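See structure below.
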Amino acid sequence: MGKSVFGMAAALALPCLLAGPSVAAAKLAPKSAHHHATAAAMAGAAAQPWWTHAVIYEIYPRSFQDSNGDGVGDLNGVTQRLDYLKGLGVDAIWLTPFYPSPNYDFGYDVADYTNVAPEYGTMADWDRLVAEARKRGIRVLVDFVLNHSSSEHPWFQQSRMSRANPKRDWYVWHDPAPDGGPPTNWQSIFGGSAWTLDKATGQYYYHIFLPQQPDLNWRNPGLRKAMQDVMRFWLRHGASGFRLDATPYLLEDPAWPNDPDPKSGAPVGLKPYNSGLPGNHPIMRDLRAIVNSYPGDRILLGESNIATISDLAKVYGVRHDEVNLPMDFLYSGVKTLDAQAFKARIDEAELKLHGEPPVLFFSNHDSSRQWTRFGDGVHNDQIARLTAAMTLTLRGTSLIYYGEELGMGDLSKAVINGLPLSPKRKVADDRDPERTPMQWSGEPKAGFTTGEPWLPVNPVTATYNAQSEVQDPTSLYHWYADLIQLRRTNAALREGAYVALDSGNPKVLAFARKDKAGQGVLVVLNMSDTPQIANISGWQGQTPVFNKVVLARPAIQMPSLGNPTLEPFGVQILSFDPR
Ligand code: NOJ
Ligand code: CA
């Protein structure tokens, strides 16, 4: 039985004892032994492990910073920009692949798991990057592409030599169907059959992605050990953990059933025969145990596509010993700015993951940037503030895709489609629009390179760029930096429970965070282009009084004592005290 939050006079405010089913607290045992000196740890305040409330910044190295004028970003470029990342306040960076690769899928086709591609630098550059990042309290995560290698990896080259080759079973080979066609009618996520015939040996190999990305056979103990050794290699080289690529696809249904109707039902990437097999769990437990055996609270961040929240809960492991941080693709799958759709996803992420931290994000190198997705062409800056405020005030870990903090959007398809291919871009990829160079400055090449960038710079860099935004305290960059700082310093936002609320208005999202002492923060977001009035209810116990504006845009002087009134796409973050 909710009451209007603002309908209560200050004098009536009593201690608020928020508890019960709408409150979720992370129930994870604290860990020790930080070998990295993160700012949060140095503040001595973190009772929960760092990764349960972190901000992890995704860097697509090819597009972040070029240090040698060849138009391709590189590891030394990332090192040059660490001070910028420190200023933003991130806890960790996740680098998408920088391994040697023929680049059919820009590094997600790995030809050597324990090396750096010459275009990105050397192992010495990697070691220096980690050392410099650590000095600034920033951890570095490696993208581990474990489902498949490149068809140019020596393991596959050996595997395809003969059916008797010792590496034959490291990949997934099958005889043709009786008619000589593929063994099953399964489709690849990238289109076409998931099987390619290798004429030399007369068998098909399986690939859930491109034919140049043959699936590794995780049922083979030798392959399993080799891949675990790859992890140990990067852990010895200072990685704070891994972003695990494509975790649902490690095993396939051993009965190899034909799909009765491959074009209907679940999307190609979520079929019962190609994803989420029970045997994935022990594989992940082994990987987590390896990561845990190194000091410093290292982690697994999973690209763990799922259909439902209960499937997502299972990826953490029923005993909380599998993937630390599986990304929540249900939240990132909300494609319109709809308060009710977001509330449904947020409530389930916060309340149905058994206290584990949700991993919330909007975009990455595989999906359209949120600036483009949610922008209405009129209020884009304000909408970007609203989406940032939502994710960064929720319980759990947030992922930021490079440049979203500046207001980077997708490059138009018209520009991309007219581009000729080149040695630096030998395939055109649907995802190129969201992979353009980081906008460091307003110059035509955006401060990204002195040469010819491998993908064009988005011309909006003239307005949206780091150089001008860092200098402007009212910029989107500073909004992000302020939110990150707030989330680190405010106990309720850092580790507090999530409190589901009813905003009383379908255009408005409202929720609260509450720390152990009962102090808290209320977040109210207007997801519409007209002014809205909220009528918030849903408190368990006495409704608190909000007496302080923590952050608001457009600015407000004092929280209204009536129902809060919000400007178009307005954001209000207010605080309350126990009384
Ligand atoms: C997911 C990665 O994020 C994507 O970029 C890649 O194409 C596929 N996995 C295959 O590795
Ligand atoms: Ca370069």
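Remember, it's 1-based here, ligands and their atoms both numbered in the order they're listed. Being a predicted model, the structure only gives us computed values, none of them experimental.
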Which of the atoms of ligand 1 are close to [X], meaning less than 4.0 Å from one of its heavy atoms?
X: Arg431; answer: 4 (C), 5 (O), 6 (C), 7 (O)
X: Phe190; answer: 7 (O)
X: Asp105; answer: 6 (C), 7 (O), 8 (C), 10 (C), 11 (O)
X: His148; answer: 10 (C), 11 (O)
X: Asp366; answer: 1 (C), 2 (C), 3 (O), 4 (C), 5 (O)
X: His365; answer: 2 (C), 3 (O), 4 (C), 5 (O)

CA sep, side-chain torsions, deciding dist, call: Tyr477, Tyr84, ring-ring contact (aromatic ring centres under 6.0 Å, His included): CA-CA 11 Å; Tyr477 165 87; Tyr84 169 84; 5.5 Å; yes

Nearest to the Ca ion (ligand 2) - the N/O/S atom of Asp70, by atom name: OD1

For the Ca ion (ligand 2), the closest N/O/S atom belonging to Asp66: OD1

State whether [X] and [Y] are salt-bridged, where the test is any N-O pair (Lys NZ or Arg NE/NH1/NH2 against Asp/Glu carboxylate O) under 4.0 Å.
X: Asp432; Y: Arg425; answer: yes
X: Asp410; Y: Arg431; answer: no
X: Arg232; Y: Asp229; answer: yes

At a threshold of 3.0 Å, where the distance has to be below it, does the Ca ion (ligand 2) have an N, O or S atom of [X] nearby?
X: Val72; value: yes
X: Asn68; value: yes
X: Asp74; value: yes

Would you say the side chains of [X] and [Y] form a donor-acceptor pair under 3.5 Å?
X: Tyr249; Y: Asp215; answer: no
X: Glu405; Y: Tyr57; answer: yes
X: Asn364; Y: Glu303; answer: no

Proximity to ligand 1 by part of Arg243, non-hydrogen separation under 4.0 Å: side chain

Ligand 1-proximal atoms of Tyr249, by part, heavy-atom distance under 4.0 Å: neither

Expected output: side-chain Ser367 to main-chain Ser363 donor-acceptor under 3.5 Å: no

Criterion ring-ring contact (aromatic ring centres under 6.0 Å, His included) on His153 and Tyr99, from CA distance to verdict: CA-CA 11 Å; His153 194 292; Tyr99 308 99; 9.9 Å; no

Nearest neighbour in protein (non-hydrogen) for atom 1 (C) of ligand 1: Asp245 OD1, 2.9 Å

